[in-house]
Undergrad: 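The structure under discussion is supplied below as structure tokens; questions concerning it will follow.
Since the structure is predicted, the reported quantities are computational estimates derived from the model, not experimental observations.
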Amino acid sequence: MARRKPKYYQKDKKNEDGPVRLKNSVSSRGDNQKKYIKSILHNDIVFCDGPAGSGKTHIAVGCAVQSLIEGKVERIVITRPTVEAGESIGYLPGTADQKLTPYLLPVFDELKYFVSQEQIFSWKNKGILEVAPIGLMRGRSFHNSFIIGDECQNLSMEQTKMFLTRMGFESKLVITGDRSQSDLPFSRQGAFTTCLEKLKDVSGIGIIHLKKCDIVRNPLIPLILECLDEIGD
């Protein structure tokens, strides 16, 4: 049975927005990114490990926007650990959404690559785009959603288990991280790496590893990372 399109794509007298206009569409640069996109299409859960600039967040956001526009999901849910604020978003002023927003600027930068600022604002106002702090997810289930967890190497094992079990029916979950760059205390590190190793053979879960060769930022970045990796911790 064909999946019903969300109401906000069914233009009627109450909805004058019309179709969403994409500024750019999601595409791959290299074989590893191509495997990443294919994995998102064919799996319910995808873990993507890779260095900064390799396209982890960019592709996750692009696939989420595409899924939303095509009516495959009804909303996009995004989250990111607030490690710099000491595990709590209470140190910043405003609502939970406003407190988490500074940590999610990289995700919103990617959103603005695919759609306009006005479209993002409209989606947020209608609840089609939701910012969901990890600390406030317990007890929730996200159905018909494309869920993005960014920088998840900074989640503890307890947080990771809780986050994974928030996924509801007809949803996709993409979890990105760089296992070499955890900001957690040493005793709480390793959950992301454990998932990459323990879940690799589970049907419906994709495990993708992006490399330095996949970095699409300034060509100096792979060289910098290579030199600094030689120094060690």
Undergrad: Please evaluate residues Trp123 and Val65 with respect to the criterion side-chain contact (heavy atoms from CB on, under 4.5 Å), reporting the C-alpha separation (whole Å), side-chain torsions for both, the decisive distance (0.1 Å), and the verdict.
TA: CA-CA 11 Å; Trp123 281 348; Val65 169; 4.2 Å; yes
Undergrad: Short question: side chain of Gln159, backbone of Ser156 - any donor-acceptor pair under 3.5 Å?
TA: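 At least one qualifying donor-acceptor pair exists.
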Undergrad: Could you walk me through whether Leu173 and Leu164 pass the side-chain contact (heavy atoms from CB on, under 4.5 Å) check?
TA: CA-CA 8 Å; Leu173 173 59; Leu164 285 170; 3.8 Å; yes
Undergrad: Any donor-acceptor pair under 3.5 Å linking the side chain of Lys172 with the backbone of Ile40?
TA: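 Judged by distance alone, yes, a pair lies under 3.5 Å.
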Undergrad: What distance do Gln117 atom CD and Ile120 atom CD1 have between them, rounded to the nearest 0.5 Å?
TA: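 Rounded to the nearest 0.5 Å, the CD-CD1 separation comes out at 5.0 Å.
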Undergrad: Carefully, step by step, assess Leu129 and Leu111 under the rule side-chain contact (heavy atoms from CB on, under 4.5 Å).
TA: CA-CA 11 Å; Leu129 173 63; Leu111 278 168; 3.9 Å; yes
Undergrad: Sub-3.5 Å donor-acceptor pair from the side chain of Asn144 to the main-chain atoms of Glu74, do we have one?
TA: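 No; zero donor-acceptor contacts below 3.5 Å.
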Undergrad: Taking C-beta and beyond as the side chain, do Asp178 and Ser54 meet within less than 4.5 Å on heavy atoms?
TA: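 No. Closest side-chain heavy atoms not under 4.5 Å.
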Undergrad: Would you say Leu196 and His209 make side-chain contact, with heavy atoms under 4.5 Å?
TA: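 Counting from C-beta outward, Leu196 and His209 do come under 4.5 Å.
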Undergrad: Could you state the interatomic distance from SG (Cys195) to NZ (Lys200), rounded to the nearest 0.5 Å?
TA: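 Rounded to the nearest 0.5 Å, the SG-NZ separation comes out at 13.5 Å.
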Undergrad: Output the distance between atom CG (Asp150) and atom SG (Cys152), rounded to the nearest 0.5 Å.
TA: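 The distance works out to 7.0 Å.
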Undergrad: Looking only at the side chains, is there a donor atom on one of Gln153 and Glu151 sitting less than 3.5 Å from an acceptor on the other?
TA: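 Yes, side-chain donor-acceptor contact under 3.5 Å.
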Undergrad: Calculate, to the nearest 0.5 Å, the distance between atoms CZ and CZ belonging to Arg140 and Arg166 respectively.
TA: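 Rounded to the nearest 0.5 Å, the CZ-CZ separation comes out at 10.0 Å.
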Undergrad: Are Val202 and Ile147 joined in one hydrophobic group, where the rule is that I, L, V, M, F, W and Y side chains link up if heavy atoms are under 4.5 Å apart?
TA: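 They do share one cluster, since a chain of ILVMFWY contacts under 4.5 Å joins Val202 to Ile147.
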Undergrad: What verdict does the side-chain contact (heavy atoms from CB on, under 4.5 Å) test give for Thr160 and Phe192, after you've listed the backbone C-alpha separation in whole Å, the side-chain angles of each residue and the deciding distance to 0.1 Å?
TA: CA-CA 8 Å; Thr160 300; Phe192 184 70; over 6 Å; no
Undergrad: Are Phe114 and Leu41 grouped together when hydrophobic residues (ILVMFWY) are joined by side-chain heavy atoms under 4.5 angstrom apart?
TA: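 Same cluster: Phe114 reaches Leu41 through Ile, Leu, Val, Met, Phe, Trp or Tyr contacts under 4.5 Å.
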Undergrad: So how far is it from Ser27 OG to Ile59 CD1, rounded to the nearest 0.5 Å?
TA: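 The CD1 atom of Ile59 is 8.0 Å from OG of Ser27, to the nearest 0.5 Å.
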Undergrad: With distance as the sole test, does Arg80 use its side chain to make a donor-acceptor pair with the main-chain N or O of Leu104 at under 3.5 Å?
TA: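 Absent.
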Undergrad: Which of these passes side chain to side chain contact (heavy atoms under 4.5 Å, CB included) with Leu155: Ile134, Thr79, Ile175?
TA: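 Exactly one pass, corresponding to Ile134.
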Undergrad: Between Lys56 and Asp49, is there a donor-acceptor pair closer than 3.5 Å when you use the side chain of the first and the backbone of the second?
TA: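 No, Lys56 side chain to Asp49 backbone: no donor-acceptor pair under 3.5 Å.
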Undergrad: Would you say the side chain of Glu158 lies within less than 4.5 Å of the side chain of Met162, judging by non-hydrogen atoms?
TA: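 Side chain of Met162 against side chain of Glu158, heavy atoms only: no contact under 4.5 Å found.
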Undergrad: Taking Lys211's backbone N and O only, do any of them form a donor-acceptor pair with Asp214's side chain (distance below 3.5 Å, no angle check)?
TA: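 Flag set: sc Asp214 to bb Lys211 pair under 3.5 Å.
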Undergrad: Using 0.5 Å steps for rounding, measure from the CZ atom of Arg75 to the NE2 atom of His143.
TA: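 Result: 8.5 Å between the selected atoms.
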Undergrad: Are any side-chain N or O atoms of Ser67 and backbone N or O atoms of Cys63, one a donor and one an acceptor, separated by less than 3.5 Å?
TA: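 Flag set: sc Ser67 to bb Cys63 pair under 3.5 Å.
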Undergrad: Between Ser171 and Phe169, is there a donor-acceptor pair closer than 3.5 Å when you use the side chain of the first and the backbone of the second?
TA: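 Yes: the side chain of Ser171 pairs with the backbone of Phe169.
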Undergrad: Between the main-chain N or O of Lys112 and the side-chain N or O of Lys23, is there a donor-acceptor pair closer than 3.5 Å?
TA: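 The answer is yes, because a donor-acceptor pair under 3.5 Å joins these two groups.
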Undergrad: Could you check whether any side-chain N or O of Asn43 sits under 3.5 Å from a backbone N or O of Ile45, counting only pairs where one atom can act as donor and the other as acceptor?
TA: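 It does not hold such a pair.
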Undergrad: Would you mind reporting whether Ile208 and Asn32 have side-chain heavy atoms less than 4.5 Å apart?
TA: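 Not touching, per the 4.5 Å side-chain cut-off.
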Undergrad: Taking the side chain as every heavy atom from C-beta outward, state whether Val73 and Phe142 have any atom pair closer than 4.5 Å.
TA: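 No, too far: nothing below the 4.5 Å cut-off.
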